[in-house]
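Report on the following structure.
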Amino acid sequence: QVSLRESGGGLVQAGDSLRLSCAASGRTFTTYAMGWFRQAPGKEREFVAAFRWSGTTIYADSVKGRFTISSDGAKSAVYLEMNSLKPEDTALYHCAASTLKYNNGDYYGARKTYNYWGQGTQVTVSS
């Protein structure tokens, strides 16, 4: 079992920056990657970014160049640095962890790859 807890959300203005944190506990040694997803009201939960413990990262096209995912190197935390925020980035941001191993890193962009989820932290960007 892996438990995840997000923090760092808030209300900001367009163009501002925000840093989200996700603390993992439990059997984190069983995970192969952690990621961030977001869900806006009335929309499906969508992929944002993922960090594989092998060191590679992947991003959704909508956040490339603006968001950066990183980890503490110990499988116990991941962070999401969000710059140049836009109103369309407004959503509930969820941290997720996967115990599934894939050689093709693209699989970590899929919601079904993740079997542990946090409750989420709200990010609201005003125009």
Side-chain angles (χ1 to χ4, degrees):
Q1 188 78 10
V2 176
S3 297
L4 304 171
R5 185 177 75 252
E6 306 94 336
S7 62
L11 172 62
V12 297
Q13 293 187 330
D16 286 351
S17 298
L18 208 56
R19 186 176 191 245
L20 305 183
S21 299
C22 175
S25 60
R27 297 172 60 86
T28 59
F29 62 89
T30 64
T31 63
Y32 287 93
M34 287 180 66
W36 289 95
F37 287 72
R38 66 187 181 186
Q39 187 166 16
K43 294 188 176 182
E44 294 288 320
R45 189 172 297 188
E46 65 174 6
F47 170 73
V48 176
F51 190 102
R52 298 172 67 190
W53 301 131
S54 61
T56 57
T57 58
I58 58 173
Y59 296 92
D61 288 342
S62 60
V63 306
K64 279 181 182 177
R66 298 189 300 124
F67 290 11
T68 303
I69 189 170
S70 61
S71 82
D72 67 343
K75 296 190 176 183
S76 61
V78 288
Y79 311 97
L80 187 68
E81 186 73 34
M82 305 185 294
N83 298 315
S84 302
L85 282 163
K86 305 174 181 180
E88 50 263 44
D89 293 319
T90 295
L92 185 63
Y93 282 71
H94 294 272
C95 177
S98 174
T99 60
L100 302 180
K101 183 179 182 181
Y102 291 107
N103 291 326
N104 184 343
D106 290 344
Y107 283 100
Y108 292 103
R111 181 178 173 180
K112 63 182 180 180
T113 297
Y114 296 85
N115 39 3
Y116 294 101
W117 293 85
Q119 293 298 308
T121 184
Q122 179 67 38
V123 172
T124 303
V125 184
S126 64
S127 58

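The structure displayed is predicted, hence computed values, not measured ones.
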Looking only at heavy atoms, which two atoms of [X] and [Y] are closest? And how far apart?
{"X": "S21", "Y": "W36", "result": "O-CH2, 3.6 Å"}
{"X": "V2", "Y": "A97", "result": "CG1-CB, 4.4 Å"}
{"X": "L4", "Y": "A24", "result": "CD2-CB, 3.6 Å"}
{"X": "S127", "Y": "P87", "result": "CB-CG, 3.8 Å"}
{"X": "Q39", "Y": "K43", "result": "NE2-O, 3.1 Å"}

Kindly state whether the ring of Y114 and the ring of F37 have centres lying under 6.0 angstrom apart.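 Here the rings of F37 and Y114 have centres that are less than 6.0 Å from each other.
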
Are the side chains of [X] and [Y] in touch, meaning some heavy atoms are under 4.5 Å apart?
{"X": "T90", "Y": "V123", "result": "no"}
{"X": "T68", "Y": "L80", "result": "no"}
{"X": "H94", "Y": "R45", "result": "yes"}
{"X": "L92", "Y": "R38", "result": "no"}
{"X": "Y59", "Y": "V48", "result": "no"}

Should [X] and [Y] be regarded as members of a common hydrophobic cluster, given that ILVMFWY residues are connected when their side-chain heavy atoms come within less than 4.5 Å of each other, either directly or indirectly?
{"X": "W117", "Y": "L100", "answer": "yes"}
{"X": "L20", "Y": "Y116", "answer": "yes"}
{"X": "L18", "Y": "V63", "answer": "yes"}

Interatomic spacing from [atom1] in [X] to [atom2] in [Y] - rounded to 0.5 Å:
{"X": "R52", "Y": "T31", "atom1": "CZ", "atom2": "OG1", "result": "12.5 Å"}
{"X": "Y79", "Y": "C95", "atom1": "OH", "atom2": "SG", "result": "11.0 Å"}
{"X": "M34", "Y": "K75", "atom1": "CE", "atom2": "NZ", "result": "11.0 Å"}
{"X": "F51", "Y": "I69", "atom1": "CZ", "atom2": "CD1", "result": "7.5 Å"}
{"X": "F67", "Y": "E81", "atom1": "CZ", "atom2": "CD", "result": "10.0 Å"}
{"X": "R66", "Y": "S84", "atom1": "CZ", "atom2": "OG", "result": "7.0 Å"}

Under 6.0 Å from the CG atom of N103, do we count more than 12 heavy atoms belonging to anything else shown?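 For N103, atom CG is not crowded (no more than 12 foreign heavy atoms under 6.0 Å).
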
Polar side-chain atom of [X] near backbone of [Y] as donor-acceptor pair, under 3.5 Å:
{"X": "E6", "Y": "Q119", "value": "yes"}
{"X": "Y93", "Y": "G8", "value": "no"}
{"X": "T121", "Y": "G9", "value": "yes"}
{"X": "T28", "Y": "S25", "value": "no"}
{"X": "S71", "Y": "G73", "value": "yes"}
{"X": "D16", "Y": "N83", "value": "no"}
{"X": "S98", "Y": "T113", "value": "yes"}

Looking at F47, Y102, Y32, which one forms a ring pair (Phe, Tyr, Trp, His ring centres under 6.0 Å) with Y107?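 With Y107 as partner, F47, Y102, Y32 yield a single ring pair (Phe, Tyr, Trp, His ring centres under 6.0 Å), made by Y102.
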
Salt-bridge criterion met for D89 and K86 (N-O under 4.0 Å):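 Looking at K86 together with D89, the answer is no, because their closest N to O distance does not fall below 4.0 Å.
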
